[in-house]
Amino acid sequence: MLFCTIASTAYAQDPRERAYHVPALSPKHKDKPKVSGWAKQRIEEKLNRGMFAMPNKKGQVYLGWRLLKSDAKGTAFNVYRSVEGGGPVMLNKEPVAATTDFIDEQPAPGRRSAYWVRPVLAGKELEPSEKALLKVDARDKTYYSSIKFQGDYRPQRIAVADLNGDGTYDFVIKQPSQGIDPAGRPNKSRLTYKLEAYLSDGTFLWRKDLGLGIEPGIWYSPYVVYDFDGDGKAEVAVKTGPEDVREPDGRVRKGPEWCSLLVGMTGTEFARTDWPPRDPRLGDYNRTNRNQMGLAYLDGKTPCLLVKRGTYKLMMVDAYQYHNRKLKRLWHWEGDDETPIIRSQGTHGMHSADVDGDGRDEVILGSAVLDDNGTCLYSVGLGHPDKCFVTDVDPTLPGMEIFYAIEPWHNDGMGVCLVDARTGKTIWSIGQRTYHVGDGMVADIDPSLPGLECFATEDPKGGSSDRYMFGADGKRLGRREDVPGCRNWLFWDADLLRETFGRGGPGRGRFGGGGSLTIVKYKGPTLTSGIEGRIIMMADILGDWREELITVLAGELRIHTTTIPASDRRVCLMQDPVYRAEVAHRSMGYEQSPVTSYYLGVSVADSARATPIIRNQRK
């Protein structure tokens, strides 16, 4: 199947490139051995309870903590408080079993309080959690905590990981926020990016200037933060280069490029390897300078580092493991080694998931999916997706699916589609011409529709401003005005629908114009208001399974968390491998809301009893 027309500002109008836009569901290649990493069992983060205490609007104190997958079935919790000068007091009458949250209805006003929980199993109390301190001034804030930077700058990206091994997530930021795209005009300034690390309590650890060898822009400076050696403390992997290669126009066109590993607590470089090289097959300067990083468990046990170059033409990926203070390359892949050749199929992010059920992660580059051994599992041949999501969209089908929002012009009706993640075979597609689909999202927003709703928007510069929404089964939903925005969705209230953002009140915020942010239900009420700053991440970094919102202002990072009482409980989302990798990858590439490997939405049975929200559905 050869697409009749492919036109996009992101693509060279080269007929030879169009020949690569063909499905290759069983590509031929030289076989490679399976990865055998150093880990004997799966390396996982050792999280604590994520205990927090936050005042609510009623003058009470809302408490939340994690359910861990190591907790035995039937584990409940006792909740304790101590006040300055006093001993511990148990707040609950019966062990808390239905949720992992609690409301202290009669807190001690004007005094510092500490809260903690103890798991209860078969009537016996187990070891206590860490303590969450409630400060006297906590009631005057609309956010849970903040971290002050070393100046009045705003970061471009942040990463969350445990740097010191205490079971709490810390932060590595990249600042300042300015940057250019490789397709844009050169930046003749001497601006350099800096990485900075902060502990969860705001302690500043270190700063590393990436220097003039790294141009300021997302695609020049990918980084990921993760525990690659299993010692409980995360390392920082980042693209680096020498100081003396920036040219007078601001470009870096030659010289060595490296992938460097830094000690998470100090920023000291302790390992380095070559970045995938510049190659004429990558295309012009714009296409040559499209770099990404990621992580995957290629043997199902060992966290492996992925280093990628190329999106629009040639694509190259190197996989490494880190052990005994050395980086060892596990495999190298490039699309030109496949038959047929696979080019121009990359997206603006990286995803890792075990799509074929063998216990080992595959790497989803966009329209091409790599098997765990560094060969192409399949390519759907659709070209470059601006967004793709790998999750269980339709719980009535086995395994996961991939939702694609494809940027190049499609006459064949495949510009918005859902495919089987295991095989790449099409489940459904939009069935009409699309022009430049520039964004997409999957989320359960209507409880009466089983599965996740899939929505996408055209970029007007492609000649259309259409907006599309589909049920998990591919049925077209609603009118244009019913289709919500694709950016920034999170789990915030007690149900299994995902929430989004609006604007209200004075001030300056994220989406143009004035006003602070509000968290709202789709076609529903405002849940939380008065949130200041630019959204930079949403992730389940503390408390129960609902997600925290992280915003940045000049010189400050703020963590916002819900105080809406939960109705049920589930293992914290960061212990799901797909979700954790999605959060890790958000420090580079395009931003998109993380998704889980399993279906997280209203059950099919509950959908049948729910009242529809999207009332004017189309067949």
Side-chain angles (χ1 to χ4, degrees), residues 10-12 14 17 20 29 157 174 179-184 193 210 213-224 237-242 245-246 251-261 271-296 298 304-320 327 329-338 341-352 362-370 374-376 379 383-386 388 407 584-585 587-590:
Y11 280 82
D14 184 346
E17 287 300 311
Y20 304 123
H29 42 246
R157 290 286 188 272
K174 181 176 68 177
I180 59 168
D181 192 276
Y193 277 157
L210 297 183
I214 297 296
E215 292 181 57
I218 294 169
W219 305 114
Y220 307 105
S221 57
Y223 76 108
V224 293
V238 59
K239 185 176 185 290
T240 56
V245 290
R246 192 177 293 190
R251 296 297 199 198
V252 175
R253 296 181 174 88
K254 59 185 179 181
E257 300 169 288
W258 306 303
C259 171
S260 296
L261 273 185
R272 175 189 290 181
T273 189
D274 290 335
W275 198 266
R278 302 176 181 94
D279 188 301
R281 294 172 296 164
L282 288 158
D284 60 13
Y285 174 88
N286 173 27
R287 289 153 179 79
T288 295
N289 287 282
R290 298 287 173 158
N291 302 286
Q292 298 180 30
M293 302 183 84
L295 69 97
L298 299 173
C304 302
L305 175 64
L306 304 169
V307 178
K308 177 177 180 284
R309 182 168 221 142
T311 297
Y312 298 125
K313 295 185 77 173
L314 176 68
M315 298 186 294
M316 299 184 286
V317 181
D318 286 327
Y320 294 90
L327 275 170
R329 192 166 78 171
L330 300 169
W331 48 252
H332 170 81
W333 177 85
E334 56 184 71
D336 284 16
D337 291 339
E338 302 286 343
I341 287 175
I342 293 171
R343 289 189 182 180
S344 308
Q345 304 299 307
T347 188
H348 290 309
M350 193 178 291
H351 311 275
S352 56
E362 280 68 50
V363 183
I364 298 89
L365 301 179
S367 291
V369 175
L370 303 188
T375 60
C376 189
S379 173
H384 156 63
D386 252 17
C388 70
E407 181 180 304
H585 295 163
S587 58
M588 63 94 216
Y590 277 5

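Values below: all heavy atoms of this structure, side chains included; hydrogens, waters and symmetry mates excluded. The shown structure was predicted, so the numbers you read here are calculated from the model rather than taken from an experiment.
- In plain terms, the two heavy atoms of Cys259 and Trp275 that are nearest each other are CB-CE3, 3.7 Å.
- Every side-chain hydrogen bond (donor to acceptor under 3.5 Å, both in side chains) that Arg329 has, sequence neighbours left out, goes to Asp318.
- Across His29, Glu338, Met316, a single residue satisfies side chain to side chain contact (heavy atoms under 4.5 Å, CB included) together with Trp333, and that is Glu338.
- With hydrogens and angles disregarded, no donor-acceptor distance shorter than 3.5 Å links the side chain of His384 to the backbone of Ser344.
- The OG1 atom of Thr288 sits 9.5 Å away from the CG atom of Leu314 when rounded to the nearest 0.5 Å.
- Side chains of Met315 and Glu334 form no contact here, defined as non-hydrogen atoms less than 4.5 Å apart.
- Side-chain contact between Pro222 and Val238 is absent, with no heavy-atom pair separated by less than 4.5 Å.
- Summarising the geometry, atom CE belonging to Met293 is positioned 9.5 Å from atom CG belonging to Asn291; distances are rounded to the nearest 0.5 Å.
- Scored by the side chain to side chain contact (heavy atoms under 4.5 Å, CB included) test, Ala296 finds Leu298, Leu306, Ser352, Asp361, Val363 as partners (sequence neighbours excluded).
- Smallest separation of non-hydrogen atoms from Asn286 and Ala183: OD1-N, 3.5 Å.
- Side chains of Ile342 and Asp336 form no contact here, defined as non-hydrogen atoms less than 4.5 Å apart.
- Rounding to the nearest 0.5 angstrom, the gap separating the OG atom in Ser260 from the CG atom in Leu210 is 9.0 Å.
- Rounding to the nearest 0.5 Å gives a distance of 10.5 Å between CD1 of Ile218 and CD of Gln292.
- Within the cation-pi definition used here (under 6.0 Å to the ring centroid, within 45° of the axis), Lys239 does not qualify as a partner of Trp258.
- Comment: Arg246 does not engage Glu215 in a salt bridge, judged by the lack of any side-chain N to carboxylate O separation of less than 4.0 angstrom.
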Side chain to side chain contact (heavy atoms under 4.5 Å, CB included) between Leu365 and Lys308, worked out: CA-CA 9 Å; Leu365 301 179; Lys308 177 177 180 284; 3.8 Å; yes

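- The OG atom of Ser221 sits 11.0 Å away from atom CG of Asn289, with the distance rounded to the nearest 0.5 Å.
- A donor-acceptor pair is defined here as one N or O able to donate and one able to accept, closer than 3.5 Å; no such pair exists between the side chain of Tyr285 and the backbone of Arg251.
- Distance alone, capped at 3.5 Å, places no donor-acceptor pair between the Thr347 side chain and the Cys388 backbone.
- The side chain to side chain contact (heavy atoms under 4.5 Å, CB included) test with Leu305 singles out one residue from Leu295, Leu330, Val224, Thr273, and that residue is Val224.
- Note that the CE atom of Met588 and the CZ atom of Arg157 stand 9.5 Å from one another [nearest 0.5 Å].
- Of all heavy-atom pairs spanning Arg278 and Val252, the tightest one is NH2-CG1, 3.9 Å.
- Because its NZ or CZ atom is not both nearer than 6.0 Å to the ring centre of Tyr312 and within 45° of the ring axis, Arg290 does not count as a cation-pi partner of that residue.
- The shortest side-chain heavy-atom distance between Glu257 and Asp274 does not fall under the 4.5 Å cut-off.
- The backbone N or O of Gly383 lies less than 3.5 Å from a partner atom in the side chain of Ser367, making a donor-acceptor pair.
- Qualifying ring-ring contact (aromatic ring centres under 6.0 Å, His included) partners for Trp219, counting only residues two or more places apart in sequence or in other chains: His348, Tyr590.
- At least one side-chain heavy atom of Arg309 sits less than 4.5 Å from a side-chain heavy atom of Leu282.
- Looking at Cys304 and Tyr320, their side chains never come closer than 4.5 Å, going by heavy atoms from C-beta outward.
- Side chains of Lys174 and Ser587: a donor-acceptor N/O pair is absent below 3.5 angstrom, by distance only.
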